[in-house]
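Reading through the structure tokens given below for one structure.
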2 protein chains.
Amino acid sequence: MNQRKVSIKEIAELSGVSVATVSRVINNNGRFSEETRKKVLQVIKDTHYETNNIAKSLRMKKSNTIGILVPDISNSFFANVVQEIESILFKKGYSTIICNTDRNEEKEEAYLRMLEGKMIDGLIVISGVKEFGSTAINKKTPLICIDRKPKDTKSTILIESDHYQGGFLATEELISKGCHNIAIIIHRDFLSSSKERLLGYQNALKKYQIPFKEENVIHVTVEEKMSRTEAAKAALLQKISEGYQFDGVFALNDRLAIGAIHAILDLGKKVPEDIKVVGFDNDPISKYCYPCLTTIRQDNMLIAEQACENLLALIDGTRKDMKKHQVIPVTLVSRAST
Amino acid sequence: MNQRKVSIKEIAELSGVSVATVSRVINNNGRFSEETRKKVLQVIKDTHYETNNIAKSLRMKKSNTIGILVPDISNSFFANVVQEIESILFKKGYSTIICNTDRNEEKEEAYLRMLEGKMIDGLIVISGVKEFGSTAINKKTPLICIDRKPKDTKSTILIESDHYQGGFLATEELISKGCHNIAIIIHRDFLSSSKERLLGYQNALKKYQIPFKEENVIHVTVEEKMSRTEAAKAALLQKISEGYQFDGVFALNDRLAIGAIHAILDLGKKVPEDIKVVGFDNDPISKYCYPCLTTIRQDNMLIAEQACENLLALIDGTRKDMKKHQVIPVTLVSRAST
DNA sequence: TTGTATGCGTTATCAT
DNA sequence: ATGATAACGCATACAA
């Protein structure tokens with residue numbers, strides 16, 4: 001009972017027909033008699049034949065595989081989006097190769113070459129340091145960007161949350177709870193999403209006639225071997241030690257927000273009584289930290305669905321009129337920290 | 001400048017040599033003159049040629065691809081292990097197809113067929129409902145199980161944390177802090193890891209001459225649309241309402257532990273003063289919840305390294321004498337909840 | 001050192 | 001309705 005690999009050729013021999021006929025039966029195209037169909041199917045069952053997709057891909061110039069580039073799969077937002085994408089695509093008969101780039105440009109290029117060599121039918125790029133555009137990948141490979149601007153803005157599709165709205169809602173929440181002097185904690189300020197969130201913050205201030213002050217912007221850089229939470233906490237404590245005062249914090253993600261909370265509690269102040277805090281992402285920790293964190297929820301399901309839908313449309317060549325920039329609304333999740 | 005796909009054949013023509021020679025240059029095997037080498041490499045550079053791995057795989061019967069089966073990639077423990085595995089394998093020239101099975105048996109089978117069709121060189125299976133063994137995958141495909149017993153125990157390698165030790169350490173921690181009546185919250189009791197953790201709990205009790213009581217075992221089942229945390233909280237509250245009393249809780253994972261904490265706090269009791277809690281997994285939330293959660297940390301890096309090392313050895317056919325059952329030590333992370 | 005020819009497992013074209 | 005065969009892109013045994 002040695003389970004050797006069996007090919008279409010052997011199926012043909014065992015069935016007493018040609019490989020062509022077997023292929024037709026398998027793919028159910030072309031004509032063949034009911035009799036041969038039964039016979040062939042029986043042999044396939046008996047031999048546990050599985051079609052060799054490598055050969056099929058080569059012949060068809062279609063791999064039924066799509067690649068996903070993601071900076072860090074252990075980030076809860078990315079993990080959720082990727083998981084959902086993978087699930088949707090699988091239902092459509094596609095397999096997904098998830099590439100964790102670690103925000104490393106070389107690694108990204110290497111991955112792209114690998115994906116190209118595997119003849120991927122499409123590519124989804126999630127977030128990342130700079131505009132996306134690489135010579136490693138064929139220009140005609142269908143491409144969807146999520147949270148990352150493509151170099152070729154006018155022909156490739158960009159899907160992202162309404163980061164501006166998120167920043168606005170977060171800030172408005174703080175203002176509505178009585179904050180007048182709101183710090184904003186920024187991590188990767190070069191990301192377009194960060195810029196948009198900052199803009200939302202600024203415009204919310206403007207709406208309520210609160211002057212924007214440069215000193216309220218706290219940039220944190222995360223050193224090696226340090227978590228975002230620790231870095232944010234350190235940065236805020238440093239700033240406070242220099243005499244900085246504030247009554248609210250909008251952190252560009254939940255990890256940073258937790259760091260801010262820790263800093264505040266460390267100083268003997270209370271959240272939300274003395275200082276209120278809002279994060280971004282609706283990371284699971286936002287629900288379980290203390291106090292529970294008010295945050296902005298991105299609609300990752302919708303993002304994933306829309307990405308897949310658009311990508312598959314590009315692959316199939318149906319619909320050429322898709323919107324090049326699709327913005328997904330976000331919502332405020334109000335919890336104890338405000 | 002239309003970037004059409006260029007094959008080895010065209011490289012041959014442009015270089016004025018045969019495809020065989022080009023192939024030899026590319027793979028740097030066989031003999032060829034320095035002159036042709038230069039010429040060919042130049043043409044390759046000019047044309048942006050990339051080797052077609054699909055064709056190569058078909059010819060070589062080796063895809064340089066490995067598959068990973070995982071129940072739920074958004075689980076922090078799985079995400080970490082998978083990420084590390086992927087990173088290691090990538091360095092070794094392998095790409096990884098991550099398959100999220102959702103603990104769904106049909107999906108698992110479908111994935112395995114897909115992977116088989118892609119001629120994967122190896123397979124890593126992480127956790128899962130029942131013993132692993134499927135006819136969909138070729139018996140001779142190198143296989144490593146992590147946290148999941150293989151059907152064929154004596155020939156396939158199983159790598160797992162020392163769940164027994166984890167259960168023991170967790171329970172001992174509670175006892176050493178003065179607990180005498182320790183509840184244990186179990187979720188998927190059919191998992192071998194769960195059984196081992198329970199066993200560790202029982203033996204720790206025995207060591208300190210505390211009688212094991214069946215009523216201390218709380219089984220929770222997670223309904224659709226309900227989180228583990230909510231389910232654990234509900235289960236514990238239910239039990240308490242029936243008059244159940246205890247002074248410590250060992251939850252088989254951190255999400256359950258948080259649920260327990262919430263239940264306890266809801267009743268106006270204090271953690272750790274009135275009741276102490278220990279979790280399992282060292283999930284990020286354990287660090288940021290309130291109070292911070294004492295938990296058991298699995299060494300996911302080591303698990304990943306060991307899995308890759310063993311898998312690659314199986315693929316290369318080197319070393320035939322690997323231990324079939326490899327147990328990775330765990331450590332206690334002591335925090336505020338005890 | 002280099003070229004020719006074959007085959008990997010499929011699908012598709014063109015006969016019959 | 002079915003069969004023979006070419007082609008997909010590559011690596012290699014064998015010739016030259």
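Nothing here was measured: the structure is a model prediction, and the numbers come from that model. All chains are named by letter (A, B, ...) in the order of the sequence lines, taking the proteins before the strands, and each is independently numbered beginning at 1. Hydrogens, waters and symmetry mates are skipped; everything else that's a heavy atom, side chains included, is used.
- Residue K61(B) places at least one side-chain N or O under 4.0 Å from the OP1 or OP2 atom of dG9(C).
- The salt bridge (Lys or Arg N to Asp or Glu O under 4.0 Å) analysis of residues 85-103 of chain A, with sequence neighbours excluded, yields the pairs D102(A)-K107(A).
- We find that E108(B) and R148(B) are joined by a salt bridge, their nearest charged nitrogen and carboxylate oxygen being less than 4.0 Å apart.
- Chain A approaches DNA chain D within less than 4.0 angstrom (heavy atoms of the protein), and the contacting nucleotides run 5' to 3' from dA1(D) to dG9(D).
- Non-hydrogen atoms lying under 4.0 Å from DNA chain D are contributed by R24(A), R31(A), F32(A), S33(A), T36(A), all within residues 24-40 of chain A.
- Partners of I44(B) under the side chain to side chain contact (heavy atoms under 4.5 Å, CB included) rule, at least two apart in sequence or in another chain, are I11(B), I26(B), V40(B), L41(B), Y49(B).
- For the pair T21(B) and dG3(C), the criterion of a side-chain N or O lying under 4.0 Å from OP1 or OP2 is met.
- Summarising the geometry, the separation between CD1 on I44(A) and P on dG9(C) is reported as 16 Å, rounded to the nearest angstrom.
- Contacts of S57(A) with the nucleic acid, taken as non-hydrogen atoms under 4.0 Å apart, are absent.
- Between K62(B) atom NZ and dG7(C) atom C1' the separation is 20 Å, expressed in whole Å.
- When side chains are defined from C-beta on, E160(B) counts as touching H325(B), because their heavy atoms get closer than 4.5 Å.
- Looking at heavy atoms from C-beta onward, L123(A) lies out of side-chain contact with I66(A) at the 4.5 angstrom threshold.
- With sequence neighbours left out, the side-chain hydrogen bond (donor to acceptor under 3.5 Å, both in side chains) criterion links D147(A) to H163(A).
- Ion pair R37(A)/E34(A) flagged as a salt bridge, since at least one NZ, NE, NH1 or NH2 atom sits closer than 4.0 Å to an Asp/Glu carboxylate oxygen.
- Atoms CD (E116(B)) and P (dG9(C)) sit 13 Å apart, rounded to a whole Å.
- Every residue was checked against the side-chain hydrogen bond (donor to acceptor under 3.5 Å, both in side chains) condition with E305(A), not counting sequence neighbours, and none meets it.
- When heavy atoms are screened at a 4.0 angstrom cut-off, G16(A) is found touching the sugar-phosphate backbone but no base atom.
- In this structure, E106(A) places its CD atom where only 12 or fewer heavy-atom neighbours from other residues, nucleotides or ligands lie under 6.0 Å away.
- Atoms CG (L58(A)) and C1' (dA12(C)) sit 14 Å apart, rounded to a whole Å.
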